[in-house]
Amino acid sequence: MIVVFLIYGAAFIALGISIFVFPKQLGAAPLALDLRWIGAFGFIHGANEWLDLLLLTPAFSASPALQVCAVVCLAVSFFCLVAFGVQALVRARLVPLWIYQASPLLLFGWLAAGLWGSDDLHLAAALARYCFGFPGAILTAAGLLLAARDPVLAALPSSRLRLRQVASIFLLYSVAAGLVVPRAAYFPASVLSYEAFIAWFGFPVQVVRAVCAFAIAIGLYRVLQLFEWELRRDREQRHQDLERRVSERTLELAAANAKLADEMHSREAMEEQISRAQKLESLCVLAGGIAHDYNNSLMAIFGNLSLAKMHAQPNTTLFELLGRCEAAGAQAQKLSVQLLTFAKGGLPVKEVFSPADLVRDTCSLCFSANKVRARVVVPADLWPVDADHAQLGQVVDGLCMNALEAVAGGPGEITVRCENVDGPEGLGSASAARRLVKIEVTDTGPGISPEHLDKIFDPFFTTKSKGRGLGLAVAHTIISRHGGRLEVQSAVGQGSTFTILLPAASDARLPKTEPGADEPLRRKLRVLVMDDDEAVREVAAALFHAVGCETEAVADGAAAVALFERQRAAAKPFDLVVLDLTVAGGMGGAETVVELQKLTAGVRAVVSSGYTNDPIMSAYRDHGFVGVLTKPYSLVGVKHLLRELGEL
């Protein structure tokens, strides 16, 4: 037995040494720092075993101080195992930190109650194994298994395997050192005792403890050795990777420097392009502002012309002159659309209609006063499109006028052809099987030279002495914003063909028809008009009044909300509210409709603006509006709106 105690103590001293020789090599690695608890356990428990060896000798067997010291060493050594296991649980965030911090109180409490409060030191030693030894070994095994799962060890499979093996040995040690004690009358000492173990296996339990101690010492030594070696290898690999990345980065920087040197030669050209782009951007902003004010002025002209025609007798000179004024105003409106589209705006305000009548009417106006052979081929079953009527008319009109100029001064022919086609990828929708409406404008003029063919859609590019270079650029922008494509085919001496491809409408709604001149309202409507321009405000109110509505007008959104609330309180609510989108220095239409919806959830508001480039104009329903009136509009536009709202 003396030899067993000597070997047992030496095994645990070796365990402590195997752990404490490595911290310098491993630095501040969490695993090495945590394992110091197990190293401390080895030193203290080895000292305890040698104290037990002294207590077996006659000279020291009756020493109370030595017995107390042995029990304290036993309890403190097992407490080191508890501390290691709890710290591992804290690192894994399975228990809070305060449990680890409060664990020494458990040891001191046990020493006070179990040691000094007990007259039987053998019982105190047994309780130390039950209270600290058995749970401490279990917690240590759990801590080693948690350490093996650490992501840092993901690339260290040998160390992970060794940790699992040592954890298994600690589970065996938990029984041999924590539950097997000298025989006593209480459980489990009455069953699991030194005497019972010898009777069962033929050798003392200290042999198992010593074997476990040596196995744990060798296992942890190998774990730390492998860990150090694998970490060193990992550092070397990372160093090699860093050198490789530095080399690659050096080559990249050299290439970048060469590229930068090339780019510096073209810096002046780039600065010139940036300056040109900034000037163009400023011009776009100016064009948008001019178009807005221009539309307000046209609104007053259009509205008053519509009202004047109501008081003129048909087939009279006055009626004819007013009609000519309206036609001239329509041409002026095209210039406004061009300005807005050029200003990176002009978002289409879409409606479903058949382009057949649009193409026929546009071609009739363009070709009727010119001595040119023109053919217009429009099938009766041409699919409808979801597009901006005015913008699409502008594109067709511009292509027809270009064709006229191409054949001017010679015997030429122009063909405008419409047809339904199945389109290529990227156009149309999957639900409509990419159905497209194609509009071709072909002339037999001199054609376009190859060096000009790739530039004809660029802004300000023109070969005409009096041209502005905006017509085809604007047309290309309009068709692109409709999800379509504008293409050109031309050869010198063989004429040119411009092709418009537009997605067909995905629903079966019928095109909108022109409302009748005397078509009455279904009911008497009260309409509130809000616009900051006095002339527009007056003519808009007059147009709604002309179709039979009772109208009131205000200058800004705050006044509109106040008047709307007063009339609602007086049981005379407004059936329709027409709101100007942009009000200088006041509440505009978007803010006003929100406030009106707070007063009446079902308010019917119509947005009106000359800024057709505002996203609200094309997606008005998403912002709480039920309809849209694009300035300038006339009596016909008001009737169209009321028909769409179901009031005509």
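- Ion pairing of Glu550 with Arg526 is present here, as a side-chain N (NZ or NE/NH1/NH2) and a carboxylate O approach within less than 4.0 Å.
- Partners of Glu440 under the salt bridge (charged side-chain N to carboxylate O under 4.0 Å, His left out) rule, at least two apart in sequence or in another chain, are Lys438.
- Between atom CD of residue Gln567 and atom CZ of residue Phe574 there is a gap of 4.5 Å, rounded to the nearest 0.5 Å.
- A donor-acceptor pair under 3.5 Å is absent between the side-chain atoms of Ser364 and the main chain of Arg360, judged by distance alone.
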(message) What verdict does the side-chain contact (heavy atoms from CB on, under 4.5 Å) test give for Met530 and Thr592, after you've listed the backbone C-alpha separation in whole Å, the side-chain angles of each residue and the deciding distance to 0.1 Å?
(response) CA-CA 10 Å; Met530 185 275 285; Thr592 304; 4.0 Å; yes
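- To the nearest 0.5 Å, the span separating CD1 on Ile448 from CD on Gln489 amounts to 11.0 Å.
- Taking 4.0 Å as the cut-off between side-chain N and carboxylate O, Asp262 and Lys259 do not count as a salt-bridged pair.
- A donor-acceptor pair under 3.5 Å is absent between the side-chain atoms of Asp397 and the main chain of Gly393, judged by distance alone.
- Counting all heavy atoms, side chain and backbone alike, Pro355 lies closest to Pro384 at CD-CA, 4.2 Å.
- Listed by chain and residue number, nothing satisfies the salt bridge (charged side-chain N to carboxylate O under 4.0 Å, His left out) test with Glu591 (two or more places apart in sequence, or in another chain).
- Every residue two or more places apart in sequence or in another chain was checked for a salt bridge (charged side-chain N to carboxylate O under 4.0 Å, His left out) with Glu534, and none qualifies.
- Considering only heavy atoms from C-beta on, His623 stays 4.5 Å or farther from Val594 through its side chain.
- Listed here is the closest heavy atom pair of Ala387 and Phe353: O-CE2, 3.4 Å.
- Separating the OG1 atom in Thr497 from the CG atom in Asp443 is a distance of 7.0 Å, to the nearest 0.5 Å.
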(request) Would you sort out whether Leu642 and Val547 count as a side-chain contact (heavy atoms from CB on, under 4.5 Å), showing the intermediate values? (result) CA-CA 10 Å; Leu642 295 176; Val547 296; 3.7 Å; yes
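- Here the closest non-hydrogen pair linking Val441 and Ala403 is CG1-CB, 4.0 Å.
- Once rounded to the nearest 0.5 Å, the distance linking CZ of Phe367 with CZ of Arg373 reads 13.5 Å.
- Put simply, the side chain of Leu528 does not reach to within 4.5 Å of the side chain of Leu576, judged on heavy atoms.
- Side-chain contact check for Leu399 versus Ile439: every heavy-atom pair is 4.5 Å or farther apart.
- Considering only heavy atoms from C-beta on, Val606 stays 4.5 Å or farther from Leu579 through its side chain.
- A salt bridge is absent between Arg537 and Asp556; no separation between the charged side-chain nitrogens and carboxylate oxygens falls under 4.0 Å.
- A donor-acceptor contact shorter than 3.5 Å is absent between the side chain of His482 and the backbone of Leu502.
- In Arg604, the CZ atom is crowded: over 12 heavy atoms of neighbouring residues, nucleotides or ligands sit closer than 6.0 Å.
- Of the residues listed (Arg523, Arg522, Lys639, Lys524), the one engaging Glu647 in a salt bridge (charged side-chain N to carboxylate O under 4.0 Å, His left out) is Arg523, and it is the only one.
- With rounding to the nearest 0.5 angstrom, the CG atom of Leu436 is 8.5 Å from the CZ atom of Arg485.
- Ser609 approaches Leu581 most closely through the heavy-atom pair CB-CB, 3.6 Å.
- Considering every non-hydrogen atom in both Ser608 and Val578, the closest pair reads CB-CG1, 4.1 Å.
- Using a 4.5 Å heavy-atom threshold, the side chains of Val603 and Leu596 count as touching.
- Contact check for Phe498 versus Thr442: no side-chain heavy atoms found under the 4.5 Å cut-off.
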(request) Check the pair Glu351 / His640 against side-chain contact (heavy atoms from CB on, under 4.5 Å), numbers first and verdict last. (result) CA-CA 11 Å; Glu351 57 180 321; His640 273 310; over 6 Å; no
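- Between Asn402 and Leu472, the closest side-chain pair of non-hydrogen atoms falls below 4.5 Å.
- Using a 4.5 Å heavy-atom cutoff, the side chains of Asn420 and Val437 are in contact.
- Of all heavy-atom pairs between Leu635 and Leu543, the closest is CD1-O, 3.6 Å.
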(request) Start with the C-alpha distance between Thr499 and Val488, add both sets of side-chain angles, then the distance that settles side-chain contact (heavy atoms from CB on, under 4.5 Å), and finish with yes or no. (result) CA-CA 6 Å; Thr499 303; Val488 59; over 6 Å; no
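- Checked options Val474, Leu392, Leu501; the residue passing with Ile479 is Leu392 (criterion: side-chain contact (heavy atoms from CB on, under 4.5 Å)).
- Between atom CG of residue Asp532 and atom CE of residue Met587 there is a gap of 14.0 Å, rounded to the nearest 0.5 Å.
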